[in-house]
Amino acid sequence: MSLKGKLETEVEIEAPADKLYNFFKGQTYHVSKATPTNVQDVEVHEGDWESHGSVKLWKYTVGKQETYKERVELDESNKTVSLVGLEGDIFKYFKSVKAVLKATPKPDGSGSVAHLTIEYEKLHDAIADPKAYMELLTSIAKDVDDHIMNPEA
């Protein structure tokens, strides 16, 4: 059995792809406002809020409160934000973790699709796939979409 794996899902989003991408690229300081039950805080540790290579620390809840320190990789042309894991609670189970959000416009112009991916390598065979983390990412994407479309709510 391979220790490396990838989970993928797609979420239909009302917000345009540019707005979704730009939110995750440079406005993650609003994530805790958009989805407070999922994310309690995001702090910059190196760099800034919107530069490739910046390092941020996320405090989130997936069953219990955890932390995830990541280095952001940005791909403007493909509207892709990758959060490469550096340290945190998830590393009790995984050797490597990378969460990816790619925002793609729908062909009819009615919003976008968030392609969510988690690439990972388990520490050993007995570790389950990170399905709870994919559910967390999906919930965050939906809540951020609602926040973008209804900023006053």
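The first residue in the sequence is number 1, and the count goes up from there.
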Notebook entry, point to check: Backbone N or O of Ile127 within a donor-acceptor pair of the Lys122 side chain at under 3.5 Å?
Noted result: yes

Check: Would Leu57 and Ile90 show up in the same hydrophobic cluster when neighbours are defined by side-chain heavy atoms closer than 4.5 Å?
Finding: no

Margin query: Go through it in stages, so that I can follow the logic: the residues are Phe91 and Leu86, the test is side chain to side chain contact (heavy atoms under 4.5 Å, CB included), and I'd like the CA-CA distance, side-chain angles, deciding distance and then a yes or no.
Written below: CA-CA 9 Å; Phe91 290 98; Leu86 302 174; 5.9 Å; no

Check: Yes or no on side chain to side chain contact (heavy atoms under 4.5 Å, CB included) for Met149 and Lys19, after CA distance, side-chain angles and deciding distance?
Finding: CA-CA 10 Å; Met149 298 304 292; Lys19 285 190 176 187; 5.9 Å; no

Item checked: Plane angle bin for His30 and His147 - parallel if under 30°, tilted between 30 and 60°, otherwise perpendicular -> tilted

Next item on the list: Flag yes if more than 12 heavy atoms outside Lys106 fall under 6.0 Å of its NZ atom; otherwise flag no.
Entry: yes

Checklist line | Lys92 with Asp89: basic N within carboxylate O range, under 4.0 Å | finding: yes

Checklist line | Single hit among Val11, Thr37, Asn38 for side chain to side chain contact (heavy atoms under 4.5 Å, CB included) with Ser139 | finding: Asn38

Checklist line | Verdict with supporting geometry, Tyr60 and Thr35, side chain to side chain contact (heavy atoms under 4.5 Å, CB included) | finding: CA-CA 10 Å; Tyr60 60 91; Thr35 183; over 6 Å; no

Check: With no hydrogens and no angle check, is any side-chain donor or acceptor of Thr138 less than 3.5 Å from a backbone partner on Met134?
Finding: yes

Checklist line | Fellow cluster residues of Val84, listed by chain then number, with links counted only when side-chain atoms sit under 4.5 Å apart | finding: none

Notebook entry, point to check: Do other residues, nucleotides or ligands put more than 12 heavy atoms under 6.0 Å from Glu12 CD?
Noted result: no

